[in-house]
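Take a look at the structure set out below.
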Amino acid sequence: MKNSIILFLIAAIALSGCRKQVSNYERPDFDPQPTLNVVLQEDQPVWAQVSFAECLDSVHPTACTDAEVLLYVDGQFAEQLQHEGEGLYVGETIAEALHEYACKVIIPGYDTLFAQTEMPEKPVVTHVEIMENATVNDESNPCAAVLVTFNNNPNRKSYYKANIEAFFKYKYDAGGMGIITSHVGTSINTDDPVLLNEGSSLLLFSNEIIRDTVYTLKVNTGINGYGFSGQSTGAYTRTGYIVVSMHGISESAYRYLKCQTAFDEPDAYTNLFLGVITPINLYSNVENGLGLFAAIAPMTCDTIFINPED
């Protein structure tokens with residue numbers, strides 16, 4: 001990890017001296033593009049952000065204040081969202097699981113925007129545990145895995161995003177104290193079939209290959225017995241806690257996040273030296289415009305305490 005950071009800094013410094021202003025450059029014309037962004041959250045009122053995408057040197061998008069934003073639930077008109085300022089439109093409809101939501105946005109002088117998505121269910125996590133010494137990190141130190149068991153409906157396509165937060169104290173028998181705080185958004189040395197099927201170590205996955213009604217996801221965390229302050233060697237006692245968050249997300253949110261992964265995962269350092277980065281079009285499910293219409297059903301699992309102190 002340190003070598004990667006150093007390589008990036010060296011490349012950035014080297015390339016910073018290679019800048020040269022291009023004379024007589026004429027920026028191509030860019031017509032403002034209507035944009036709709038909506039992220040529904042279960043048990044929360046529906047809202048929408050309507051704006052105009054502009055050229056690259058624009059600091060902020062221009063808010064659209066004269067749009068008609070029409071909300072539909074399961075194909076039936078529900079209400080017209082009210083403008084509350086800066087392109088934000090808010091309604092009274094509460095988003096509920098397993099309902100289809102759609103928006104039509106009428107902007108004078110533009111084709112009508114349309115987008116839809118389904119509100120997913122909250123995941124039902126039935127058990128979380130820790131598997132010690134499940135893998136090793138890049139320095140060959142043993143690391144634990146977190147096992148997350150959740151219910152699954154094999155007859156319904158579902159999408160998930162998980163995160164793990166950890167805080168540990170290590171009290172060494174030989175003296176000294178180590179502390180680790182960690183946000184786990186990836187699985188190192190991934191050997192879980194579902195994550196392998198995704199082709200990514202990110203905790204972003206679907207139930208595409210899960211055939212049973214219960215599944216246990218194995219996340220190799222990279223958490224080990226080496227702290228960042230006052231670390232020592234030898235035997236130790238570990239105390240602390242882990243919080244596992246697992247969210248049900250819509251297919252549109254899943255596809256958008258997968259596009260972000262495709263942008264982040266190429267060999268950025270090689271591309272930086274070459275000066276060539278292949279453009280990637282981010283996913284959009286808005287017809288006649290840009291943006292994202294997505295939904296999330298957030299859930300936080302119970303905290304797991306490890307050797308709690310009295």
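Everything quoted here is computed from the prediction, not taken from an experiment.
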What pair of heavy atoms forms the shortest contact from S284 to G291, and how long is it? OG-O, 2.6 Å

Least distance between heavy atoms, P45 atom then G91 atom: CB-O, 3.6 Å

Evaluate the criterion side chain to side chain contact (heavy atoms under 4.5 Å, CB included) for residue pair L88 and E86; output intermediate values, then yes/no. CA-CA 6 Å; L88 178 65; E86 299 300 323; 5.6 Å; no

Partners passing salt bridge (Lys or Arg N to Asp or Glu O under 4.0 Å) against E132 (at least two apart in sequence or in another chain): R238

Is it the case that the side chain of Y89 and the backbone of A67 share a donor-acceptor pair, with hydrogens and angles ignored and the cut-off at 3.5 Å? yes

Considering all heavy atoms of both residues, which atom of N288 and which atom of L113 are nearest to each other, and what is their separation? O-CD2, 3.0 Å

Taking side chain as C-beta onward, heavy atoms only, is L36 less than 4.5 Å from C103? yes

With hydrophobic residues grouped by side-chain heavy-atom distances under 4.5 Å, do L292 and L282 end up in a single group? yes

Quick one: ring pair (Phe, Tyr, Trp, His ring centres under 6.0 Å) partners of Y159, sequence neighbours excluded? Y254

Using residues 183-190 as the side-chain source, report each donor-acceptor pair under 3.5 Å to any protein atom, sequence neighbours left out, with the distance given to one decimal.
| unit_1 | atom_1 | unit_2 | atom_2 | d |
| --- | --- | --- | --- | --- |
| H183 | ND1 | E165 | OE2 | 2.5 |
| S187 | OG | N220 | N | 3.0 |
| N189 | ND2 | T135 | OG1 | 2.8 |
| N189 | ND2 | V136 | O | 2.6 |
| T190 | OG1 | S187 | O | 2.6 |

Go through the steps for E251 and K157 under the test side chain to side chain contact (heavy atoms under 4.5 Å, CB included), then give the verdict. CA-CA 9 Å; E251 180 180 3; K157 194 69 174 290; over 6 Å; no

Residue set satisfying salt bridge (Lys or Arg N to Asp or Glu O under 4.0 Å) with K218, at least two apart, ordered chain then number -> D191

Any non-hydrogen side-chain atom of S252 less than 4.5 Å from a side-chain atom of Y283? yes

Shared hydrophobic cluster for I164 and F205 (ILVMFWY, side-chain gaps under 4.5 Å): yes

Residue pairs passing the side-chain hydrogen bond (donor to acceptor under 3.5 Å, both in side chains) test where at least one lies in residues 34-43, sequence neighbours excluded: none

If you group Ile, Leu, Val, Met, Phe, Trp and Tyr by side-chain heavy-atom gaps below 4.5 Å, do L204 and I296 land in one group? yes

Hey, does the side chain of H247 reach the backbone of K161 with a donor-acceptor pair shorter than 3.5 angstrom? no

Taking the side chain as every heavy atom from C-beta outward, state whether M119 and E96 have any pair of such atoms under 4.5 Å apart. no

Please report the shortest heavy-atom distance between W47 and V39, naming the atom on each side. NE1-O, 3.3 Å

Contacts of R156 that satisfy salt bridge (Lys or Arg N to Asp or Glu O under 4.0 Å) - sequence neighbours left out: E118

Between I209 and P193, what is the shortest heavy-atom contact and its length? CD1-O, 3.6 Å

Sequence neighbours excluded and cut-off under 3.5 Å, please list the side-chain donor-acceptor pairs for residues 143-153, or say none.
| unit_1 | atom_1 | unit_2 | atom_2 | d |
| --- | --- | --- | --- | --- |
| T149 | OG1 | T216 | OG1 | 2.7 |
| N152 | OD1 | N207 | ND2 | 2.9 |
| N152 | ND2 | D212 | O | 2.8 |
| N153 | OD1 | N155 | N | 3.0 |

Among pairs that include at least one residue of residues 108-134, which meet ring pair (Phe, Tyr, Trp, His ring centres under 6.0 Å), considering only residues two or more places apart or in two chains? F52-Y110

If Ile, Leu, Val, Met, Phe, Trp and Tyr residues are connected whenever their side-chain heavy atoms lie under 4.5 Å apart, and connections chain through other members, are F293 and Y256 in the same group? no

Extract all donor-acceptor atom pairs below 3.5 Å that involve side chains of residues 70-85 and protein atoms in other chains or at least two apart in sequence.
| unit_1 | atom_1 | unit_2 | atom_2 | d |
| --- | --- | --- | --- | --- |
| D74 | OD1 | E100 | N | 2.8 |
| D74 | OD2 | H99 | ND1 | 2.6 |
| E79 | OE1 | E92 | N | 3.1 |
| E79 | OE2 | E92 | N | 2.8 |
| E79 | OE2 | T93 | N | 2.7 |
| E79 | OE2 | T93 | OG1 | 2.6 |
| Q82 | NE2 | Q80 | O | 3.0 |
| H83 | NE2 | G85 | N | 3.4 |
| H83 | NE2 | G87 | N | 3.1 |

Residues forming a side chain to side chain donor-acceptor pair (under 3.5 Å) with T126, sequence neighbours excluded: none

Residues clustering with V214 (ILVMFWY side chains joined when closer than 4.5 Å, directly or via others): none

Sub-3.5 Å donor-acceptor pair from the side chain of S51 to the main-chain atoms of C64, do we have one? no

Apart from I94 itself, what residues make up its hydrophobic cluster when side-chain heavy atoms of I, L, V, M, F, W and Y under 4.5 Å apart count as a link, directly or indirectly? none

So, E198 and K258, do they make that salt bridge, N to O below 4.0 Å? yes

